[in-house]
Each structure stands twice: as C-alpha cells, then as structure tokens.
Amino acid sequence: MKIGALKEVTADESRVAMTPDSAVQLQKLGHSCVIEAGAGQAAGFSDDSYRKAGVEVLANAKAVMAAADVVVKVRPPLPKEVAGLRANQTLISFFYPAQNKDLLEAAKDKGANVIAMDMVPRISRAQKMDALSSMANIAGYRAVIEAGANFGRFFTGQVTAAGKVPPAKVLVIGAGVAGLAAIGTATSLGAITYAFDVRPEVAEQIESMGAEFVYLDFAENQTDGAATGGYAAPSSPEFRDAQLKKFREMAPDIDIVITTALIPGRDAPKLWLEDMVAMMKPGSVVVDLAAERGGNCDLTVPDQKVVSPNGVTIVGYTDFPSRMAAQSSTLYSTNIRHMLTDLTPKKDGVIDHNMEDDVIRGATVTKEGAITFPPPPPKVAAIAAQKPKEKPKELTPEERRAQETAAFKAQTRQQVTMLAIGGALILLAGLYAPASFMSHFIVFVLSCFVGFQVIWNVSHSLHTPLMAVTNAISSIIILGALMQIGSASWLVVVLAALSVFMAGINIFGGFLVTRRMLAMFQKS
C-alpha cells in the first residue's frame with residue numbers, strides 16, 4: 001500500500017502527519033510512502049530529508065490523493081478533501097465525528113474508510129495510538145510556557161541582594177493529560193501549584209507531582225473516570241456552586257490559572273467567570289486550553305490574547321501543539337505509525353481492517369459506505385476504578401505521647417516475659433544438668449550475648465564483610481586439630497588433617513572475602 005501525507009491547509013497549522021523517521025518505520029511494514037511537497041517545511045522537515053528516507057515527494061495534494069491508498073493528515077479534512085477521496089481509500093486523521101456530521105455523511109457517500117484518531121479508545125493497549133493524549137501533553141507544557149511569557153515575574157521564589165521575590169501561585173483546573181503536563185511543568189519551574197479535578201481518583205497523581213489538590217467541602221460522590229472513558233462527567237448544579245465558591249476564594253491569591261476542562265461531545269464548561277478575573281491581581285494570566293470549544297473562562301476569545309480591564313491577560317490560543325510543530329509532528333506521526341502497524345499485522349504491506357479489534361473498531365467512523373459511529377463500548381475498562389485513599393490523621397501532641405507510652409509498655413512487657421522464660425529454663429538446666437555442661441553452657445550464652453551486641457550495632461552494608469571476618473576468627477578451632485594431628489591413631493590423624501585443611505580454607509577465604517568486600521566501599 002502507498003501511504004500519502006497531505007500538507008495541512010488550515011491557517012496556522014504547522015504539524016505534519018508523517019516525518020522522515022516514521023516513514024522509515026512504515027516502509028519496514030511493507031508500505032511505500034508519498035508526501036505533498038512542502039508538507040513538513042513548517043515543522044522543520046525539508047523535502048530532501050523525506051527523499052533521503054525513501055519517500056516520494058509529489059507536487060500537490062491532488063497527486064497525493066490519486067497515488068495513495070491510505071491518506072494521513074492532522075486536522076479534520078475540509079469538504080473539498082473529502083470530495084477527493086475514492087471508494088475503499090482510507091483516511092486517517094482527527095475527525096471529531098460528533099461535531100462533523102456533514103463530513104461523516106460525505107465520507108460515507110464516497111465509500112471511503114475513515115479512521116478518526118480522536119476516537120481511539122482509552123484502553124491500555126491503545127495508549128501508543130492515543131493522539132489526543134500526546135497532543136494534550138504538549139498543549140499542557142506549552143500553556144505554562146505561554147503563561148510565563150505573559151507573566152511579569154519569576155515562577156520560582158528568590159532571595160537576592162536586590163530584594164525578595166515570592167514564588168508564583170499556579171492553579172490548574174482539570175487534571176487530565178494536559179493538566180498533569182501543566183502541573184509537572186509549573187512545579188519544575190518552582191511555582192506553588194494547586195490543581196482541581198472533579199474525579200477523586202486523580203488526587204494522588206496530583207500530589208505525587210508536587211502539587212496540592214484542591215478539595216471541596218461537598219458530600220456528593222463524583223462519577224469515577226472509569227465509567228466515562230477516563231474523562232470527567234457533567235457535575236450536578238450543587239457541586240458546580242461549591243466549585244465556583246472555592247474558585248472565588250482562591251482567585252485573589254492566584255497568579256496564573258490554566259484551564260483544561262472538557263466534556264466529550266459538549267461545549268467547554270464555564271469555570272473561571274468574569275467576576276473571578278476581576279478579583280485577580282493586575283499582571284496575572286489565564287491560559288484557556290478549552291478555547292476551541294468555547295473556553296472555560298468567560299473572557300476567552302478563541303485564537304486571541306486579550307487583557308481584562310483590571311490588567312489580567314487571557315490567552316485563548318487554539319494551536320498550542322502547532323506552536324511546537326517539530327515535537328508534535330514526531331509524536332503524532334508515531335501514533336499514526338502504530339495505528340498502521342495494527343492495520344498491517346503480517347507486516348507485508350497489506351491493510352487488514354479488522355473490525356473485531358477493539359481499537360480499530362473504536363476509531364473507525366465510516367467503512368465501505370456505512371457510518372460506524374458511534375462505536376460499541378470497549379470490552380476493557382479505560383482505567384481501574386479507584387477510591388481515594390484517606391490521608392493518615394495527624395495526631396495531637398497528647399495523642400502522640402499516649403501512643404509512645406503504650407508502645408513502650410508493650411515492648412517492656414515483651415522483654416520481661418522473655419527474660420522470665422529464659423531465666424526459668426536456665427534454672428531448670430542448673431537443677432538437672434551436670435556441672436561440666438553448665439560451665440560450657442555459660443560460656444555459650446555469654447558468647448551469644450556478646451556476638452549479638454557486636455552484630456546488632458554494625459551498619460547493614462557492612463554485614464557481609466563482618467560475617468566473613470567472624471567466620472575466619474571462629475576457625476580458631478584449628479588449634480584443636482593441630483594438637484590432635486600427632487595422635488598415635490591413624491584415624492585421628494586423618495580427621496585432624498581434614499580439619500586443618502577445611503579450617504585453613506575458612507581462615508584464608510574469610511579474610512580474602514573481607515578484603516574484597518571492603519574494597520567496594522573505597523573510592524578508586
């Protein structure tokens with residue numbers, strides 16, 4: 001099959017669906033590759049770099065559409081691009097079928113097979129094809145960079161000779177892939193980061209990244225992300241009121257707000273209202289990653305940066321991944337390549353559009369003149385439902401003191417009991433055992449006590465060399481063997497000689513092992 005990549009015609013779109021590296025991997029599957037001239041130029045990939053990778057560069061989109069069996073692109077196709085498809089030709093791109101029903105009907109009428117990368121089910125096996133997540137990851141990172149470019153201070157706090165600089169306070173609303181990427185970036189830059197999400201299972205993820213999860217004083221149980229494919233579900237009016245109340249409390253202290261909240265198939269919910277913007281300090285920044293779907297902020301204008309009357313900058317760009325086109329193209333083309341790997345199971349260049357496969361079936365929206373959207377739910381849950389773990393209760397000084405006293409008493413009782421049992425056993429042995437046994441037994445008990453005290457106070461990392469030395473020292477029994485080696489009985493002489501031989505191995509081997517082990521702790 002020929003895989004053809006088109007140049008993106010949407011304004012300000014710099015990404016490309018095929019890179020030279022991904023083309024090499026596609027050729028290993030048995031396919032050949034073609035690309036429209038200049039398709040990768042905006043992302044930093046020249047036509048010559050494609051030619052060196054074995055890709056045929058064609059003059060225009062019409063030539064690519066005519067030559068390719070599988071057409072790959074980034075943005076949803078324009079009506080004229082759908083009109084150029086032919087029967088049984090496959091298109092792989094973002095498509096958003098719920099919002100583009102006219103395109104869906106047009107693709108069905110053409111008899112084309114359309115695979116929507118935005119419809120890849122969020123199951124473990126499909127993570128390598130999850131283009132929404134890979135683009136959201138870049139958008140979250142870029143959002144923090146854009147916020148920093150429009151923010152007049154450092155992210156991290158500093159104490160300098162010229163004065164003290166307080167750290168920036170960042171609030172991330174929505175802890176999906178984009179939100180977590182923003183949290184990680186803001187935290188690494190030194191900001192004090194807060195994050196909120198309606199899904200309770202993400203609280204631990206947020207805290208593990210060094211941010212503080214914003215809890216609401218609200219008793220309602222929220223829908224677990226596993227029930228909604230990993231996405232947030234619509235909230236009740238009562239929960240929304242509690243949520244907005246919390247945001248109003250935080251607004252005067254927050255320097256940067258990054259909103260990422262989206263609900264599949266709906267307009268973006270309004271979470272950062274005009275009155276909250278008015279409460280923020282002049283110079284603060286709001287970056288709205290949901291601008292393409294109406295925005296989470298009341299003042300967001302898609303594709304523009306506006307400044308509120310009180311001096312707050314609201315960034316509503318919709319092309320964050322495109323602003324890092326080289327990285328975005330590399331990740332997206334890898335997602336495409338993995339999809340084609342699943343479509344070419346035998347690696348013989350033959351596409352097998354297996355509708356029994358959960359991933360392929362979930363992403364396919366039209367096939368052979370029929371609309372296959374919406375897909376059936378995947379057989380595997382998106383994520384395992386988790387209940388948030390309760391934080392350990394912090395003890396008061398009185399409770400801590402009572403706990404320590406109880407532990408000390410329990411340990412004392414255990415030790416006294418053991419000493420009483422040991423003393424009783426020794427007393428019984430003294431009453432019934434012969435005197436010669438008791439003299440040896442006392443030496444044995446004392447040696448065990450001394451040995452225990454010596455070993456117990458040694459660092460764990462030195463246990464092996466210490467045991468090797470004590471092993472060597474314990475071979476003092478060689479003296480007994482040497483005394484018996486001159487015996488008149490040949491059997492005693494043989495046994496004594498064997499004892500000398502084995503004890504010698506113990507002595508010399510113990511010291512050699514010790515020397516080698518101690519050398520591991522020395523700097524060369």
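When reading the values below, keep in mind they use all heavy atoms of this one structure, side chains included, and skip hydrogens, waters and symmetry mates.
- For the pair V257 and I173, the minimum side-chain heavy-atom distance is below 4.5 Å.
- Other residues, nucleotides and ligands place no more than 12 heavy atoms under 6.0 Å from the NZ atom of K52.
- Residues A261 and A268 approach most closely at O-CB, 4.1 Å, considering heavy atoms.
- Identified under the side-chain hydrogen bond (donor to acceptor under 3.5 Å, both in side chains) test for residues 158-168, with sequence neighbours left out: none.
- Checking side-chain atoms of T19 against main-chain N and O of S22 turns up a donor-acceptor pair under 3.5 Å.
- Nearest heavy atom pair, residue L289 against residue A178, reads CD1-CB, 4.0 Å.
- The side-chain hydrogen bond (donor to acceptor under 3.5 Å, both in side chains) contacts involving residues 334-343 comprise S134-N335, where partners must be two or more places apart or lie in separate chains.
- Taking 4.5 Å as the limit, some side-chain heavy atom of N296 sits within range of a side-chain heavy atom of P269.
- In this structure, OG1 in T313 is found 5.5 Å from CG in N150, a value given to the nearest 0.5 Å.
- Residues K169 and I256 are not in side-chain contact: their nearest non-hydrogen atoms beyond the backbone lie 4.5 Å or more apart.
- Remark: side-chain polar atoms of R86 are paired, donor with acceptor, to backbone N or O of M65 under 3.5 angstrom.
- Counting only residues at least two apart or on different chains, the ring-ring contact (aromatic ring centres under 6.0 Å, His included) pairs with a member in residues 272-322 are F247-W272.
- For residues 139-158, every residue pair satisfying the salt bridge (Lys or Arg N to Asp or Glu O under 4.0 Å) rule, not counting sequence neighbours, is listed here: R142-E146, E146-R323, R153-D255.
- A distance-only check finds a donor-acceptor pair linking the side chain of S208 to the backbone of Q205 [under 3.5 Å].
- Looking at T90 and H353, their side chains never bring a donor and an acceptor atom within 3.5 Å of each other.
- Applying side-chain contact (heavy atoms from CB on, under 4.5 Å) to C297 and the options V277, T259, V287 leaves one that passes, V277.
- Atom CZ of F154 sits in a sparse spot, with 12 or fewer heavy atoms from other residues, nucleotides or ligands closer than 6.0 Å.
- Ring to ring, F196 and Y194 are not that close: their centroids are 6.0 angstrom or more apart.
- Within the structure, the ring-ring contact (aromatic ring centres under 6.0 Å, His included) test picks out no pair touching residues 34-54 (sequence neighbours left out).
- Under a 4.0 Å N-O distance rule, the pair R51/E56 does not qualify as a salt bridge.
- Annotation: side chain to side chain donor-acceptor pair (under 3.5 Å) contacts of K2 (sequence neighbours excluded): none.
- Rounded to the nearest 0.5 angstrom, I314 CD1 and K305 NZ are separated by 11.5 Å.
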Show the numbers, then the answer: is there a side-chain contact (heavy atoms from CB on, under 4.5 Å) between V214 and I206?
-> CA-CA 10 Å; V214 177; I206 289 169; over 6 Å; no
Can you check side-chain contact (heavy atoms from CB on, under 4.5 Å) on L6 and E81, steps first, answer last?
-> CA-CA 10 Å; L6 295 177; E81 291 175 321; 4.2 Å; yes
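- Every pair passing salt bridge (Lys or Arg N to Asp or Glu O under 4.0 Å) that includes a residue from residues 10-33 is listed here, sequence neighbours excluded: E13-R15, E13-R75.
- At least one side-chain heavy atom of P77 sits under 4.5 Å from a side-chain heavy atom of L91.
- Taking every heavy atom of both residues into account, A67 and L58 meet most closely at CB-CD1, 4.0 Å.
- At distances below 3.5 Å, at least one donor-acceptor pair connects side-chain atoms of D197 with backbone N or O atoms of A175.
- Panel note: side chain S333, backbone T330; a donor-acceptor pair is recorded below 3.5 Å.
- The aromatic ring centres of Y332 and F94 sit less than 6.0 Å apart.
- Counting only distance, with no hydrogens or angles, the side chain of D47 and the backbone of G38 share a donor-acceptor pair below 3.5 Å.
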Going through the distances and angles, do I258 and T260 end up as a side-chain contact (heavy atoms from CB on, under 4.5 Å)?
-> CA-CA 7 Å; I258 297 173; T260 70; 4.2 Å; yes
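- For the pair L343 and I92, the minimum side-chain heavy-atom distance is below 4.5 Å.
- In this structure, the side chain to side chain donor-acceptor pair (under 3.5 Å) partners of E399, at least two apart in sequence or on a different chain, are T396.
- The side chain to side chain donor-acceptor pair (under 3.5 Å) test applied to R248 returns D275, not counting sequence neighbours.
- Across all non-hydrogen atoms, the minimal contact from V71 to A68 is CG2-CB, 4.2 Å.
- Once rounded to the nearest 0.5 Å, the distance linking CD of E249 with CG of L244 reads 11.5 Å.
- Screening residues 181-190 for salt bridge (Lys or Arg N to Asp or Glu O under 4.0 Å), with sequence neighbours left out, gives no hits.
- With T187 contributing its side chain and G184 its backbone, the two residues share no donor-acceptor pair below 3.5 Å.
- Closest heavy-atom contact between E36 and N60: CG-C, 3.7 Å.
- For residues 101-110, the side-chain hydrogen bond (donor to acceptor under 3.5 Å, both in side chains) pairs, not counting sequence neighbours, are E105-K108.
- With hydrogens and angles ignored, the 3.5 Å screen pairs no side-chain donor or acceptor of Q41 with any backbone N or O of S14.
- The minimum heavy-atom distance linking T372 with T366 is given by the pair OG1-N, 3.5 Å.
- Remark: N310 pairs with S308 by the side chain to side chain donor-acceptor pair (under 3.5 Å) rule, at least two apart or across chains.
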Could you walk me through whether V144 and L189 pass side-chain contact (heavy atoms from CB on, under 4.5 Å), step by step?
-> CA-CA 9 Å; V144 179; L189 288 173; 3.9 Å; yes
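- A side-chain donor-acceptor contact under 3.5 Å links K281 to the backbone of P252.
- Looking at D118 and P97, their side chains come closer than 4.5 Å, going by heavy atoms from C-beta outward.
- In this structure the side chain of E8 never reaches within 4.5 angstrom of the side chain of V16, judged on heavy atoms.
- Contact of the M280 side chain with the V285 side chain is not registered, since no non-hydrogen atoms from C-beta on lie closer than 4.5 Å.
- Not a single donor-acceptor pair under 3.5 Å links the side chain of D298 to the backbone N or O of L273.
- Separating the CG atom in D130 from the CZ atom in R125 is a distance of 13.0 Å, to the nearest 0.5 Å.
- Atom CD of E204 is separated from atom CE of M209 by 14.0 Å, given to the nearest 0.5 angstrom.
- How far CD1 of I351 is from CG of L340: 5.5 Å, rounded to the nearest 0.5 Å.
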